[in-house]
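Order of the sequence lines sets the chain letters (A, B, ...), proteins ahead of strands, with each chain counted from 1.
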Number of protein chains: 2
Amino acid sequence: MNIILIENQELNGDEVVLEDHRASHIVKILRSEEGDVLKVGVVDGLRGEGRIISIRKKFPHRVILKLNIHDQPQPEPRIDLILALPRPIMLKRILSQVTSLGIGHLYLINANRVEKSFWESTLLMEEEYRKHLITGLEQCVDTRLPTISFHDRFKPFIEDFLPERLARYSHCLVADPSGEHVLARCIDSSAERLVLAVGPEGGWVDYELDKFRKCNFSICTIGERILKVDTAVIALHGYISACFDNT
Amino acid sequence: MNIILIENQELNGDEVVLEDHRASHIVKILRSEEGDVLKVGVVDGLRGEGRIISIRKKFPHRVILKLNIHDQPQPEPRIDLILALPRPIMLKRILSQVTSLGIGHLYLINANRVEKSFWESTLLMEEEYRKHLITGLEQCVDTRLPTISFHDRFKPFIEDFLPERLARYSHCLVADPSGEHVLARCIDSSAERLVLAVGPEGGWVDYELDKFRKCNFSICTIGERILKVDTAVIALHGYISACFDNT
């Protein structure tokens, strides 16, 4: 936890009372004292500092912070991600990892090789998945939550929903080991905001790749090595970030 | 398991008998039949095909393959990694992930913020860590094992061991959020083989960064976001791969 995150409704003027795992973290991990100043942010709001004006070190832990928060969040991420719904245990890790790396919007979609049972996971409820986004923000010292939408049918997503959203992207890419283009060559100096589609374990089927092509996506590759989805998503994020830094 | 990997000592002419988890994988996951042809490779050797000439589908599973292996492994990775020894549970995942992404050599070293107990993990024994490298190769369809060396004292590593190895690298980089240079700007068209140093949770201490600087490492960053080590290693690998693809 590199920043203490607070929900807007917890604010009481410029003070906040913490009585949950955040208070325990401040007492037990940070071993803070009254008067100490901590990094603090408001979820989907500003970042700044919180001075401890009261701390109860015995269980149940309790910390009162006086806030001074006037700094902007990290710059808005330039990458949105379309992801074939992965196995829930893998999705948990991906959610916090891509949040810490920085993405704007995550489209979780169905695909031929997505197991149907994945759509029944409780992780798809906001109160569940939001925890993992918060963990990612606490790690990377940001306050800006990615947004998520779920699309349990591929065809309506790609034919009806997606086309209306494409105007916001300078580049639309599908990552696939079979890709016709080296990914780095697909990102030019006009790159502003990009959407990247990553398939399920086993990859996209031809029908899906064709549908993406018809939406003007380029099918790109970062090499012949077949990667697990969680490795691929993180490596691709790093890869694209380098392309942005190069342009 | 996208390739069946065989140890050299298991070969009997051009045949091999499988009686362990690989046989079970062929029977239960691939649901193969006699006559089917599978992707096969020899660890640290060639890749090719294996035709099933006998298969016992009842437990205990048993498969005999007739091999035809004449293809080279994936190209030699151009990235070596210096990694402050992570927590064993995280190291397991990193080992298979960086193997599937492709690294040549992994230097696991001590650092101020490495917990001493990590050095006592059984994962540091070859018979243990090698399993995770093999898992990475099975994923990415390669046969070339990364090599690993362990260095439980930082100073002898950086003063005595490392300098003799540096001639093999065109670029020596340390990744740190405090880095003075954008990583993409540190990799130019002379890039051939690169060594990247990634610190422990909490980062390198100033003394360690100074020591790397004295060895002519550049301290680089991919942004202000603080990442967990496992996320950072994978994202950095992707980032550097993009720089190679761009030069």
Side-chain angles (χ1 to χ4, degrees), chain A residues 1-3 39 47 73-75 77-78 90 93-94 96-102 135-142 144 175 177 181-188 201-203 220-247, chain B residues 1-3 39 47 73-75 77-78 90 93-94 96-102 135-142 144 175 177 181-188 201-203 220-247:
Chain A
M1 210 185 284
N2 296 311
I3 185 170
K39 255 184 218 164
R47 300 183 293 176
Q74 302 266 9
R78 294 160 70 187
M90 186 181 274
R93 194 162 60 236
I94 291 176
S96 61
Q97 288 190 305
V98 296
T99 302
S100 63
L101 287 164
T135 302
L137 292 179
E138 288 169 343
Q139 172 62 41
C140 73
V141 195
D142 196 15
R144 195 191 300 269
H181 312 284
V182 174
L183 180 43
R185 307 270 150 74
C186 295
I187 301 178
D188 59 28
E201 298 293 333
C220 302
T221 176
I222 59 170
E224 283 177 28
R225 291 168 173 272
I226 300 174
L227 302 173
K228 283 176 81 80
V229 169
D230 51 353
T231 313
V233 167
I234 309 308
L236 283 161
H237 195 291
Y239 191 102
I240 290 168
S241 300
C243 296
F244 280 144
D245 284 351
N246 254 321
T247 56
Chain B
M1 210 184 282
N2 296 311
I3 185 170
K39 255 185 217 163
R47 298 185 293 176
Q74 301 266 10
R78 293 160 70 186
M90 186 182 273
R93 193 162 61 235
I94 291 176
S96 61
Q97 287 189 305
V98 297
T99 302
S100 62
L101 288 164
T135 301
L137 292 180
E138 287 170 344
Q139 172 62 41
C140 74
V141 195
D142 196 15
R144 196 192 299 269
H181 311 285
V182 174
L183 180 44
R185 308 269 150 75
C186 294
I187 300 178
D188 59 28
E201 297 294 334
C220 301
T221 176
I222 59 169
E224 282 178 28
R225 291 167 174 273
I226 301 175
L227 303 173
K228 283 177 80 83
V229 169
D230 51 353
T231 313
V233 167
I234 308 309
L236 283 161
H237 195 292
Y239 191 103
I240 291 168
S241 301
C243 295
F244 281 143
D245 283 352
N246 253 321
T247 57

Q: Nearest 0.5 Å please: distance from the CD1 atom of A:Ile234 over to the CG atom of A:Leu227.
A: 11.5 Å

Q. Are the side chains of A:Gln74 and A:Arg47 in touch, meaning some heavy atoms are under 4.5 Å apart?
A. yes

Q. Heavy-atom distance under 4.5 Å to chain B: side chain of A:Pro75, backbone, both or neither?
A. backbone

Q. Counting heavy-atom pairs under 4.5 Å to chain B, which of A:Val182, A:Asn2, A:Asp142, A:Ile226 comes out on top?
A. A:Ile226

Q: Among the options B:Leu183, B:Val141, B:Leu101, pick out the one with the most heavy-atom pairs lying under 4.5 Å from chain A.
A: B:Leu101

Q. Tell me, do A:Gln97 and B:Asp230 make a side-chain contact under 4.5 Å, heavy atoms counted?
A. yes

Q) Under the 3.5 angstrom rule, does the side chain of B:His237 hit a backbone N or O of B:Gly102 as a donor-acceptor pair? A) yes

Q.
Report which part of A:Thr99 has an atom under 4.5 Å of a heavy atom belonging to chain B: side chain, backbone, both, or neither.
A. backbone

